[in-house]
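Reminder, nothing fancy here: chain letters follow the sequence lines and each chain counts from 1. Everything quoted here is computed from the prediction, not taken from an experiment.
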Amino acid sequence: MSASGNELALRVTVPFRPAKTGLKSGPPSPAVMDDRTYAADAESGTDATVAGWVNEIRDLGGIAFLILRDASGKIQVKFEKDEMDENLVETGLGVHRESVVRVTGRVESEERAPTGVEVVPDSVEVVAEADPELPLDPSGKVDADLSTRLDNRTLDLRKGEVKAVFEVRAAVLRAVREQFRELGCTEINTPKIVATGTEGGTELFPVTYFGREAFMNQSPQLFKQLMVGSGLERVFEVGPIFRAEEHNTPRHLNEATSIDFESAFYDHTDAMDACETVVRAAYEGVAEHCQEELETLGYEDFSVPEADFPRLSYEEAIERVNATGELDEQLGWGDDLSTEAEHALGEAVGRHYFVTDWPSEVKPFYIKDHDDDPELSTGFDLMHPSLELVSGGQREHRYEHLIEGFEQQGLEPEAFEYYTKMFRYGMPPHAGWGLGAERLVMTMLDLGNIREAVIFPRDRQRLSP
RNA sequence: GCCCGGGUGGUGUAGUGGCCCAUCAUACGACCCUGUCACGGUCGUGACGCGGGUUCAAAUCCCGCCUCGGGCGCCA
C-alpha cells in the first residue's frame, strides 16, 4: 500500500463483514472497535459494546445466558426469549462456542449474575464464527494432553490458568529488567547467527550464511564478555539461545531464553550477589503484579525466597550428597553432580543454593581459576532444589591464560580471534552468569514440563507451530 | 544418544484373546426447561495410529514403522 490516501479510501468503502444472520441495528460498524468496553470495565447503568469469545451458552428455556470472555474477564449476556426480538435471540444463541461476537446493550446490575452485572443486548453481531468441533476445550471441562495443547496453543491460551503462566513470565522479565537497571546495567543484544560456538562446534544448529558456514548461537557468553571491556562495563541481555542437543526431557528446550549478566570489576562473589538479587526480584515482581494470576494458578502461599542463598563449595556439596545416603555409589572429587545427586542435595538444602569452587577441569576455558589454587575454578551454579537455574563465574581476563585455556580444551584460538584479540587491549577483571528464563518460571510455578513456560516451544520433535 | 511406558469418537478416558457391531465424561445435533454460573433432563451422531503376522477368534499377542510421554546422559 503506497499512499495513505488510498488506505483511507479503502477503509471507508469496504463494509465491515456482515454478521451471519444479519441482525444489526444501525449502519455497518467500523473495523476498528473504538467504542469497545472490556468485560471487566462494564458499569451498570451504561450502554456498552462488549466484544470477545463465546465461552459458553446456557439455555434454560425461556431464559438463556451467553458468557462472553475477553482479555479482562467474563461477562454474562442475558436473553429473555419472550421479550426480545426473535432474530436477536436466534443470532445470540445460535452461535458456536469460541466464536467472536460483539454485543451492544444495556449493562444492568444483577445480583444473580456471576460478576454482579449482565448485558441486556440490543444487537448481537457474529464477528468470526468458530467451527463447532474444537481441537481442545478452552472452558477446561475436559483436559487435553500437552501435545494437543501445543498444537492448538491459541485455543490453549484462552484458558485462564494457561494465560496466567505467560502473564507471570512477562512479569518475571519485567522485574528482571528493572532490577538490572537498578544494578546499573545496560541492556544489549548480541548476534544470534554466529561464526563459531562458545565452547566448540558439536551442539550447534548449522545455518548457511550467504554460502558460508554459520551457526545459531548457543550463548551470548563471548559477546557479552567483550562488552565489559567496552565503554558499557556492565550489561545484560534477555534473548534466545539455541542448542542442537537431542535431549528429551521435561526440562530442556532446543530454543530457550537466556537472561545474561556480565560486569567489569566484579569477581564471582559479586556476580553471585547480583544473581541472587535478580532472582529474588523476579519473585518480588510476580508477587507484586500477579496476585490474580497466582490465585488462578492455585497459589495461596507464593513467597519470595529468603535472602542469603547458601553457598556450598563443590567439596561441601559432594560431602552433603554422600551424607544423605541416597546414592548407591559415593561421589568422589571430580565427579559431576548427577540428576539424582542434585535432587538429593536439593532436598537436603531445601531452598535455592549456590554450588561454588568447582574443579577447573569441569568448567569451560573462559572461567577463571582461583589464584591460590589452579585446580579450583571460580565457576558457580545456582540451584533450585529441583533444577539448575544459573551457571556463572569470574572470567579469565588475562590474554596469555586465556589462550592457554583454549589449547588445554583442544580448541583452536584462531577461530576465536575476534574474541581473544580484544583481551590484548585492556580487558578488566569481570564476572557474570546466565539464567534460564524458562527454568526460572518453571520452578517458580512448579510446572511439570518446561514446555509449559514457552508459548511455542522448540524441542527434538516439534518445529511448528 | 541409551532405557522404559503409551497411542481407543473432536477432546480426555474404560477395556490385557471371545462377555466389545467397544465404557464413561465432555463436545456436537435434535427436543424439553425463565436465573444458569462444571445448569439440568430425554434421544441421537461419532473412535481401536499405520502396515504385516499369529489365532477358529485381535483394541487386546508378535514384528516393523510412525508418533507421544517419562527416566538417564548433557546442560540453562
Nucleotide N/O to protein N/O under 3.5 Å, stretch nucleotides 29-33 of chain B:
| unit_1 | atom_1 | unit_2 | atom_2 | d |
| --- | --- | --- | --- | --- |
| B:G29 | OP1 | A:His96 | NE2 | 2.9 |
| B:C33 | N1 | A:Leu60 | O | 3.4 |
| B:C33 | O2 | A:Leu60 | O | 3.2 |
| B:C33 | N3 | A:Asp59 | O | 3.2 |
| B:C33 | N3 | A:Gly61 | N | 3.4 |
| B:C33 | N4 | A:Asp59 | O | 3.4 |

| note | So, with a heavy-atom separation below 4.0 Å from RNA chain B, the residues of residues 439-451 of chain A are A:Arg439, A:Asn449
| salt bridge (charged side-chain N to carboxylate O under 4.0 Å, His left out) against A:Arg181, all qualifying residues, sequence neighbours excluded | none
Check: protein-nucleotides 41-48 of chain B nitrogen or oxygen pairs below 3.5 Å:
none

| said: Any carboxylate oxygen within less than 4.0 angstrom of a Lys/Arg side-chain nitrogen, looking at A:Lys368 and A:Glu396? | reply: no
| Strand contacts (RNA chain B) in residues 136-158 of chain A, 4.0 angstrom heavy-atom criterion | A:Lys141, A:Val142, A:Asp143, A:Ala144, A:Asp145, A:Ser147, A:Thr148
| message | Please enumerate all residues that pass salt bridge (charged side-chain N to carboxylate O under 4.0 Å, His left out) together with A:Arg169, with sequence neighbours excluded. | response | A:Glu438
| task | Mind jotting down which residue pairs meet the ring-ring contact (aromatic ring centres under 6.0 Å, His included) criterion with at least one end in residues 326-357 of chain A? Sequence neighbours excluded, please. | result | A:Tyr283-A:His352, A:Phe309-A:His352, A:Tyr314-A:Trp333, A:His352-A:His384, A:Phe354-A:Phe380
| field | Rounded distance in Å - NZ (A:Lys74) to C1' (B:A38) | value | 10 Å
| message | I'd like to check the side-chain contact (heavy atoms from CB on, under 4.5 Å) partners of A:Pro250; sequence neighbours left out, ordered by chain and number. | response | A:Asn449
| With sequence neighbours left out, what residues match A:Glu319 under side-chain contact (heavy atoms from CB on, under 4.5 Å)? | A:Glu315
| task | Assess whether atom CD of A:Glu295 is packed by more than 12 heavy atoms of other residues, nucleotides or ligands within 6.0 Å. | result | no
| request: List for me each residue that meets salt bridge (charged side-chain N to carboxylate O under 4.0 Å, His left out) alongside A:Arg320, sequence neighbours excluded, and say none if there are none. | output: none
| query | Across the strands shown, which category fits A:Ile259 at heavy-atom distances under 4.0 angstrom: base, sugar-phosphate, nothing? | reply | nothing
| said: Can you list everything that forms a salt bridge (charged side-chain N to carboxylate O under 4.0 Å, His left out) with A:Asp273? Sequence neighbours excluded, please. | reply: A:Arg311
| Any pair counted as ring-ring contact (aromatic ring centres under 6.0 Å, His included), so long as it reaches residues 64-95 of chain A, sequence neighbours left out | none
| message | As a test of reading the structure: which of B:U34, B:A76, B:U36 is closest to the side chain of A:Arg243, going by heavy atoms? | response | B:A76
